[in-house]
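Notes for the one structure printed next.
The shown structure was predicted, so the numbers you read here are calculated from the model rather than taken from an experiment.
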Amino acid sequence: MHRVFEDFLEQLSESVDAVDLCEAMASAAAAFDFPLFAYFSCPSASSQKPRLISNYPSSWTSHYMQMRYHSLDPVILRGLQGWDTFDWGVDKPRQDLPASQQQILEKAARFGIRCGLTMSMHDHRGRFAALTFASDQSRPPLLRSLTRYEKALQLVAISFHIYARRKLAEDCVVDGVILTPREFECLKWAADGKSAWDISQILSVSKRTVTFHLENAKAKLGVRTINQAVARLAASRHSRS
């Protein structure tokens, strides 16, 4: 498992967007014999939309988000109530759940999501996230020997949460302006005093590509120079702290 975690961290560090993050997490989940995973992130502000990164069937996830099932999903609700790590399943006793919550589990099971292990995370800004390892089996082997891998899975979940929070658009906002992950990354390196050539070497892209992203960032921020864009970034960071 040590090698699995090393490979996972390497993939995370090289990830640029949600697609990369999804591939990294799917590989790690498969290594633990879970064919499916879902990372649900709920922002602190009610006006912002939650985010889902998952390899669940897209027909289910699109319907789930459109219908705002997270407000009824017993897995998400249990995590919001403060449970750190717990397993669940459509075949487990659930008489204590309201009918609406039972229906969510039953609908998910039709898409091969029958049971799982969920780890929830809360931060001081009121943001909540939950990472679920799921299976189409009633009781996959890993859940039967959960104590053996629970700490490893918690470490995977926390690592993914940290990287996802850094990489995703919620953390790519400068004074209310949303930048792409690449634009934000290039601007952060520029703030560290790196030239376009330096950044190209760090990110393994061409200098022209770096310049393209920095120009886009300047245009979105309504400034004329990189120094002005960097100043906007610094002011935004200060207002968050």
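The closest side-chain heavy-atom distance from S54 to F40 is not below 4.5 Å. The closest side-chain heavy-atom distance from F133 to M119 is below 4.5 Å. You'll find the side chain of Y56 stays beyond 4.5 Å of the side chain of F111, heavy atoms only. Annotation: side chain of L80 is not in contact with side chain of S120 (no heavy-atom distance under 4.5 Å). Using a 4.5 Å cut-off on side-chain heavy atoms (C-beta onward), R182 and V205 make contact. The shortest side-chain heavy-atom distance between F5 and R3 does not fall under the 4.5 Å cut-off. Put simply, the side chain of Q102 does not reach to within 4.5 Å of the side chain of V90, judged on heavy atoms. Taking 4.5 Å as the limit, some side-chain heavy atom of E215 sits within range of a side-chain heavy atom of T211.
Checking side-chain atoms of D136 against main-chain N and O of I113 turns up no donor-acceptor pair under 3.5 Å. Using modelled atom types, one side-chain atom of D198 and one backbone atom of S195 make a donor-acceptor pair closer than 3.5 Å. Between the side chain of Q228 and the backbone N or O of T225 there is at least one donor-acceptor pair closer than 3.5 Å. Remark: side-chain polar atoms of R232 are paired, donor with acceptor, to backbone N or O of L221 under 3.5 angstrom. No donor-acceptor pair under 3.5 Å is formed between the side chain of D7 and the backbone N or O of A24. Here the side chain of T132 pairs no donor or acceptor atom with the backbone of A134 at under 3.5 angstrom.
Using the six-membered ring where Trp is involved, F128 and H122 have ring planes that are tilted, between 30° and 60° apart. Ring geometry for W60 versus Y64: interplanar angle over 60°, hence perpendicular rather than tilted (30 to 60°).
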From CA spacing to verdict: side-chain contact (heavy atoms from CB on, under 4.5 Å), L72, Q103: CA-CA 9 Å; L72 295 172; Q103 289 173 6; over 6 Å; no
Report the C-alpha distance between D73 and R78 in whole Å, list the side-chain angles of each, state the deciding distance to 0.1 Å, and finish with yes or no for salt bridge (charged side-chain N to carboxylate O under 4.0 Å, His left out). CA-CA 9 Å; D73 189 341; R78 194 173 181 184; over 6 Å; no
Would E106 and R94 count as a salt bridge (charged side-chain N to carboxylate O under 4.0 Å, His left out) here? Give the steps. CA-CA 11 Å; E106 291 165 0; R94 46 193 171 90; 3.2 Å; yes
Could you walk me through whether Y69 and I76 pass the side-chain contact (heavy atoms from CB on, under 4.5 Å) check? CA-CA 9 Å; Y69 279 160; I76 298 300; over 6 Å; no
Would D91 and R114 count as a side-chain contact (heavy atoms from CB on, under 4.5 Å) if you check the C-alpha gap in whole Å, the side-chain angles of each, and the deciding distance to 0.1 Å? CA-CA 8 Å; D91 298 317; R114 298 194 63 82; 2.8 Å; yes
Any chance you could lay out the side-chain contact (heavy atoms from CB on, under 4.5 Å) test for Q11 and S27, step after step, and finish with the verdict? CA-CA 9 Å; Q11 277 189 277; S27 296; 3.7 Å; yes
Could you go through the salt bridge (charged side-chain N to carboxylate O under 4.0 Å, His left out) check for K188 and E185 one step at a time? CA-CA 5 Å; K188 284 198 301 181; E185 191 171 24; over 6 Å; no
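Between P50 and M65, the closest heavy-atom pair is O-CE, 3.5 Å. The heavy-atom pair separating A157 from M121 by the smallest distance is O-SD, 3.8 Å. In terms of heavy-atom proximity, F32 sits nearest to V156 at CE1-CG2, 4.1 Å. When all heavy atoms of L52 and A38 are compared, the closest pair comes out as CD1-CB, 4.2 Å. Taking each heavy atom of A26 and F37 in turn, the nearest pair found is N-CE2, 3.7 Å. Residues E183 and H213 share a closest heavy-atom pair of CG-O, 3.6 Å.
Atom CZ in R51 sits 12.5 Å away from atom SG in C42 (nearest 0.5 Å). S15 OG to L21 CG: the interatomic distance, rounded to the nearest 0.5 Å, is 4.5 Å. In this structure, CG on L131 lies 10.5 Å from OG1 on T85, to the nearest 0.5 angstrom. Atoms OG and CE, from S159 and M25 in turn, are 9.5 Å apart once rounded to the nearest 0.5 Å. To the nearest 0.5 Å, atom CG of residue D87 and atom SG of residue C115 are 8.0 Å apart. Rounding to the nearest 0.5 angstrom, the gap separating the CG atom in D33 from the CD atom in Q137 is 8.5 Å.
Atom NZ of K220 has more than 12 neighbouring heavy atoms from other residues, nucleotides or ligands inside a 6.0 Å radius. Heavy-atom neighbours of F212 CZ from other residues, nucleotides or ligands within 6.0 Å: at or below the threshold of 12.
Donor-acceptor pairing under 3.5 Å is recorded for the side chains of T118 and W88. There is a side-chain donor-acceptor pair under 3.5 Å between T209 and S206.
No path of Ile, Leu, Val, Met, Phe, Trp and Tyr side chains, each step under 4.5 Å between heavy atoms, connects W197 with L203, placing them in separate hydrophobic clusters.
The distance between the ring centers of Y39 and F160 falls below 6.0 angstrom.
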